Amino acid sequence: RAAAQSNQYSRAVDWLSRYGYLPPPDPLTSKLQTKEGIEQAIRVMQRFGGIQETGIIDSETLKLMSTPRCSLPDIVGGEEMRRRRRRKR
Amino acid sequence: YALSGLKWHKTDLTWSVHSYPSRSNVSPEQVRTLLAHALKAWSDAAPLNFRQLPGDGAAGGDIRVSFASLLHNDGYPFDGPGGTLAHAFFPGLDEVSGDTHFDDHETWSYRGGDSTTDLFTVAVHEFGHALGLSHSSSDPSIMRPYYQGPVGDVAQYKLDLDDRLAIQQLYGARGDTRPGGVNPDPPLFPSPLPPRPTRLPEPSFNERCQGGFDAVANIRGEVFFFRGAHFWRTKRDGSLVSLRPALITNFWMGLPTGTNKVDAVYERKSDSKIIFFIGSQYWVFSDTKVMSGYPRPLSDWRMTTPSGAALDRVDAAFVWAHNGKTYLFSGGQFWRFDESQKTGNQEPDPGYPRSNHLWTGMPTHMDDVITWGEGDAYFFKDDFYWVLKDGGMNQEYVSPKATGMDWLRCPGPPPTAAPQNPGKPKECICAL
């Protein structure tokens with residue numbers, strides 16, 4: 001069970017990166033995905049998909065992640081937008 | 001709705017079909033009809049005119065449709081049945097702009113059963129991208145990213161309000177006196193900052209291929225390879241974040257300046273904190289910053305040998321996904337910890353230490369160990385790694401594999417002798 005969870009978590013992070021919810025690893029800044037960042041990304045994905053925002057990889061989230069879909073990312077340019085907003089503040 | 005920031009600066013657009021589905025019962029004529037109706041859904045709402053170019057294959061045009069599978073030379077491979085269904089490129093001057101690709105591994109249909117994918121529905125969505133729309137979170141909207149089944153009769157289909165507003169923002173409404181929409185040029189994304197010069201680390205480009213890592217760790221789904229003062233990092237898909245290594249102390253903030261070797265690293269399961277072992281001390285990181293109160297002495301872990309001697313280093317550390325327990329290795333022995341509850345002073349499980357020989361087939365003095373893939377344990381030593389399948393400590397024979405080639409994008413090893421099987425030294429190894 002623990003192995004399945006570990007694999008599930010890893011796949012979910014991969015999915016979130018692929019569809020723009022997590023910034024891709026950047027060779028210049030080399031940021032590490034944070035636990036909070038991943039939780040926040042899951043929330044955004046859940047909000048975007050219209051399911052309950054829990055911040056955890058629950059069964060509804062897994063179901064949505066395995067739903068056939070378009071390959072384009074849902075969030076485009078998200079990281080740059082976030083940087084700008086932070087700078088403005 | 002969301003706009004991509006790109007649009008066609010003309011309203012007369014051409015399209016062509018370059019290939020047809022090979023695994024479906026939809027005929028080429030039906031495909032062309034469905035695609036024409038899908039484009040009409042958009043031209044009913046905005047002053048766009050679509051004209052199909054004659055002659056399949058050789059025809060160009062603004063929107064080029066094809067059915068392709070797996071790698072198809074656009075950098076965005078398909079993934080077989082299910083998963084991703086299709087994609088399209090936003091408008092622009094690039095050669096691929098407007099190209100619309102459907103995964104040929106899907107069973108395409110028109111208003112078919114649950115085991116098929118409705119071509120008309122997906123085509124309306126993808127043409128939305130080819131015209132400049134991004135994914136929408138609105139419900140209802142054809143631009144939602146997930147496939148939700150057929151939208152119904154092609155002759156009756158009308159775009160939902162969210163989609164009409166989106167396309168009209170770009171191209172105006174059909175019958176409008178002001179062509180070009182409310183804002184003829186949609187707002188563009190902010191320009192990226194000019195790049196800052198980055199001081200490149202010293203090791204040579206190919207040093208990652210030399211093996212013999214001080215520590216290897218699976219942290220948040222990525223694998224980190226530490227050697228000397230630097231580390232390399234690979235993503236889950238096997239690609240390297242950078243071919244060049246990063247300086248450990250530039251990334252993991254709080255380690256002593258001049259740190260030029262770490263012994264072992266692992267991510268704690270209970271709270272995702274990251275533990276570094278260097279000599280007789282350990283550090284706990286919250287993400288990339290060290291927590292206050294560290295370093296602490298290794299004696300916190302209460303790992304003593306049968307002779308009562310205290311340890312002065314940890315060789316390897318990992319959490320075995322098989323049982324969620326933490327394992328620390330030192331001097332040919334290992335200790336097991338249950339960290340599911342406590343995060344303060346550790347106490348090994350009773351009955352430890354035990355000999356590393358119990359991990360049959362694995363190197364007894366490994367560089368490090370990680371859990372990866374389907375919960376298997378990966379032992380790293382010098383230029384090689386061994387995979388211990390989920391849960392089994394007594395595997396008959398485990399062949400070593402080349403770390404550089406499989407993990408770090410290195411060329412294959414020269415045809416030299418492979419290492420001895422650490423578990424059965426008399427057995428020949430023909431793996432390489």
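Note: hydrogens, waters and symmetry copies are ignored here, and every other heavy atom, side chains too, is used. Below, chains carry the letters A, B, ... as their sequence lines are ordered, and counting in each starts from 1. Just so it is clear, the structure is predicted and the values come from calculations on it, not from any experiment.
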S.K.: Does any backbone or side-chain atom of A:L64 lie under 4.5 Å from a heavy atom of chain B? Answer side chain, backbone, both or neither.
M.R.: both
S.K.: So what's closer than 4.5 Å to chain A heavy atoms on B:F78: side chain, backbone, both or neither?
M.R.: side chain
S.K.: Contact part of B:S239 toward chain A, heavy-atom cut-off under 4.5 Å: side chain, backbone, both or neither?
M.R.: neither
S.K.: Using a 4.5 angstrom heavy-atom cutoff, name the option from B:G221, B:S272, B:G82, B:G83 with the most pairs to chain A.
M.R.: B:G83
S.K.: Given that the side chain runs from C-beta out, which part of B:H129 has a heavy atom under 4.5 Å from chain A: side chain, backbone, both or neither?
M.R.: side chain
S.K.: Compare all side-chain heavy atoms of A:R69 with those of B:H125 and state whether any distance is below 4.5 angstrom.
M.R.: no
S.K.: What heavy-atom pair brings A:K35 and B:D271 nearest, and what distance separates the two atoms?
M.R.: CD-O, 3.9 Å
S.K.: Are B:H135 and A:L72 side-chain neighbours, meaning at least one heavy-atom pair lies under 4.5 Å?
M.R.: yes
S.K.: Looking at B:R144 and A:G49, what are the two nearest heavy atoms and their distance?
M.R.: NH2-O, 3.7 Å
S.K.: Between B:E374 and A:R11 (salt bridge meaning N to carboxylate O under 4.0 Å), is one present in this structure?
M.R.: yes
S.K.: Ignoring hydrogens and geometry, is there a side-chain-to-backbone donor-acceptor pair from A:S71 to B:A86 under 3.5 Å?
M.R.: yes
S.K.: Measure distances from B:A2 to the heavy atoms of chain A and classify the residue's part below 4.5 Å as side chain, backbone, both or neither.
M.R.: neither
S.K.: Do A:E36 and B:D287 have side chains that approach each other closer than 4.5 Å (heavy atoms only, starting at C-beta)?
M.R.: yes
S.K.: Which atom pair, heavy atoms only, marks the closest approach of B:S137 to A:F48?
M.R.: CB-O, 3.5 Å
S.K.: Chain A heavy atoms under 4.5 Å from B:F285: which part of the residue, side chain, backbone, both or neither?
M.R.: neither
S.K.: Checking B:E126 against chain A: side chain, backbone, both or neither under 4.5 Å from a heavy atom?
M.R.: side chain
S.K.: Working to the nearest 0.5 angstrom, can you tell me the gap between A:C70 SG and B:Y146 OH?
M.R.: 11.0 Å
S.K.: Examine whether an atom of B:F102 lies under 4.5 Å from a heavy atom of chain A, and if so say whether it belongs to the side chain, the backbone or both; otherwise answer neither.
M.R.: neither
